[in-house]
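In what follows, a single structure is set out as structure tokens and then discussed.
Just so we're on the same page: letters track the sequence lines, and every chain starts at 1.
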Protein chains: 2
Amino acid sequence: MKKFVTIRDVAKAAGVSINTVSRALNNKPDINKETKEKVLKVAKELGYIKDATATSLRYGLTKVIGVILEDSSNPFYSEVLKAVEMAARRRGFNVIFMNTEKDYELEEEAVRTMLSRRVDGIIIAPTQEKSGDIQLLMKASVPFVILGVHFDEIELPEVYSNDVRGSYLAVSHLIERGRKKIVYLSGFLYKSVARMRLEGYRKALHEHLIPFDQSYVFEVEEGVENSYRKMIEIIESGLEFDGVFCFNDISAIGAIQALREKGYLVPKDVSVVGYDDIAFAHFIQPRLTTVRIDKQREGEQAFELLYEMIKRKEIVNKQIVLDVELVVRETT
Amino acid sequence: MKKFVTIRDVAKAAGVSINTVSRALNNKPDINKETKEKVLKVAKELGYIKDATATSLRYGLTKVIGVILEDSSNPFYSEVLKAVEMAARRRGFNVIFMNTEKDYELEEEAVRTMLSRRVDGIIIAPTQEKSGDIQLLMKASVPFVILGVHFDEIELPEVYSNDVRGSYLAVSHLIERGRKKIVYLSGFLYKSVARMRLEGYRKALHEHLIPFDQSYVFEVEEGVENSYRKMIEIIESGLEFDGVFCFNDISAIGAIQALREKGYLVPKDVSVVGYDDIAFAHFIQPRLTTVRIDKQREGEQAFELLYEMIKRKEIVNKQIVLDVELVVRETT
DNA sequence: TTGTAGGCGTTATCAA
DNA sequence: TTGATAACGCCTACAA
């Protein structure tokens, strides 16, 4: 089991030396045409398949990139991941991915694994709880791109979306719909994304002369269940509100469920806006108004930035900020 | 950029030979305790990270498996894929995945790439249009597991769900709800899954003494849009029906959308059952009645079967058929 | 145009 | 207990 044909085997069968085989296989010029054809024929007959492992070792390049994210089955990330894979493949790269489950230890372990695999580059969506692994990456001098996150303190290659603008658009839209008391179901504020979205929220309120009220902002762990429960809690607390801006579509779905159960009509009584525009945002009922991030583009851009670094063999300290779009549907 | 510390560097810095370093790193017994500690210390100081590429070449084992599927962002596959990755990691394996976009050429190319990468095993969800790549895999004598598909003609290691039973349950349930004219929005029948589900459909009708009518079976390409359009078509054709059994949840969503647009109430006028129980099945409104496949288990089982083959170094010609469960919600 | 030899980073065999 | 050496499969100087 698992005995592969080597160039040595091909060489012997074709009656030439191993590097004549190598030359034939790699389209080198310095080889006789007939020899080449013969070698290629023999290689095919024997079912030769080049060992990328050996080539990697020889070249010091694996043509593999690593992708590290919290949950590859999440409808947002799964689309980004797919886009990365497709973009990578177009350039002859394969991708190894690892899930961190939002666990920093797993994230750091994933980084070490990728480094050990000698991937040519890494795309990572860090949890932002700690950033020791990012330090590790910087020291390792392996090209990497931060995905979906922006670090204020250090300048790093990043691809993320313009979420200040996104949430500004979302909240302004709510206000234009006549909503004045807008709950923000936020993610944890140690995450740059949550902070940016909070900033946009505040900006929109401010521009519309609505005072910011901290008691309308709730930091809630991600997941439908969590936002569902938090929404129930908010309703039961008696807080007055007529709009809900959600950290993402998933949490919007949870919120809408809670609202419905408590007898609120969406959007008649309460308007809801989500974020991300995952595929299901326009299949749920009522169709979700949300802020669209172009996930395919995000994945592609992340790979292309990484690729540029791999090719140029140097850090390209560029922050690519993707534009974002409000998609008005039926929940507002 | 990208200069890694090698055991050679460690050896020099520690004043020992390279294989003393190797011994220390790999917890070999025949090494002096102090030497070992010193080596480990130096290795850590220098930031040594083992090169898995070299180890792979040496051992003839990469500790990488390949996963080939049509669309890693599909809510069904993305969950299975994640489960595979998690299971693999527990055993010290990493995973490279490739999307085929239901294109046989890409699928075959993916197989070649995986072979070239010398992955220790492959999990593949084949399109079933052609199967030359499966032949290739068999010849290559690399362990592989077929995911979500059953081949009648050849006995191969497979993990798939009991879809005859699943659709039998679904259709029986529709009948018990008083439905008699049940449309089957099928996938293409060259796929084993579609055939199995058709069989269950027929079986349920037969047992309930409802004659099978070919004109109620529609082969439709996957995707919400396609099932949406087909459903519109069916309605406009004037066909009488009171139930719709869908190939999967995605197609159920499309069908429900069409029904709603055409003024049908679900489930009052028409009952609808989906298949897969993707995460969103219970977020859409009305909540979708569907047949649940345990996606996590499917991924785990696929990996474990593969792992068994890798460990035993021989084909384990086992077909693992996962049980399936009817989840009654609000569309029936 | 072709072949020989060395090396990529590891690990295993054998000898010291 | 330790060290020298060969080998995994490939590619590239260099030599022929």
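Within the 4.5 Å cutoff, side-chain heavy atoms of A:Met86 are placed close to those of B:Asn99.
Within 6.0 Å of atom CD in B:Gln296, 12 or fewer heavy atoms from other residues, nucleotides or ligands are found, so the atom counts as exposed in its surroundings. Heavy atoms of other residues, nucleotides or ligands lying less than 6.0 angstrom from NZ of A:Lys12 number 12 at most.
Look at A:Lys41 and A:Glu45 and you find a salt bridge, because one of the NZ, NE, NH1 or NH2 atoms lies within 4.0 Å of a carboxylate O, short of that distance. The pair B:Lys102-B:Glu129 does not meet the salt-bridge criterion, since no charged nitrogen lies less than 4.0 angstrom from a carboxylate oxygen. Salt bridge annotation for A:Glu101-B:Lys82: present, with a cationic side-chain nitrogen under 4.0 angstrom from a carboxylate oxygen. A salt bridge between B:Lys130 and B:Glu105 is present, with a side-chain N of the basic residue lying under 4.0 Å from a carboxylate O of the acidic one.
Shown for residues 11-21 of chain A: residues whose heavy atoms fall under 4.0 angstrom of DNA chain D, namely A:Ile18, A:Asn19. Only B:Lys28, B:Tyr48, listed by number, bring a heavy atom of residues 28-48 of chain B to less than 4.0 angstrom from any atom of DNA chain C.
Taking only distance into account, the side chain of A:Arg118 never meets the base of C:dG9 through a donor-acceptor pair shorter than 3.5 Å.
Listed by chain and residue number, B:Glu108 satisfy the side chain to side chain donor-acceptor pair (under 3.5 Å) test with B:Tyr104 (two or more places apart in sequence, or in another chain).
With rounding to whole Å, B:Arg8 atom CZ is found 9 Å from C:dT10 atom C1'. With rounding to whole Å, A:Lys3 atom NZ is found 14 Å from D:dC8 atom P. Atom-to-atom, CZ of B:Arg23 to P of C:dC14 comes out at 14 Å; the value is rounded to the nearest Å. In this entry the distance linking CG of B:Leu57 with P of C:dA12 reads 13 Å, nearest Å. Rounded to an integer number of Å, the gap from A:Leu25 CG to D:dG9 C1' is 12 Å. We find that CD1 of B:Ile7 is positioned 12 Å from C1' of C:dC8, with the value rounded to whole Å. Between A:Phe4 atom CZ and D:dC10 atom C1' there is a gap of 15 Å when expressed in whole angstrom units.
In this structure, of C:dT10, D:dC10, C:dT2, it is C:dT10 that holds the atom nearest to the side chain of B:Thr6.
Exactly one of A:Ile146, A:Leu147, A:Leu115, A:Leu306 qualifies for a side-chain contact (heavy atoms from CB on, under 4.5 Å) with A:Ile122. That residue is A:Leu115.
At the phosphate of C:dA12, OP1 or OP2 sits under 4.0 Å from a side-chain N or O atom of B:Tyr59.
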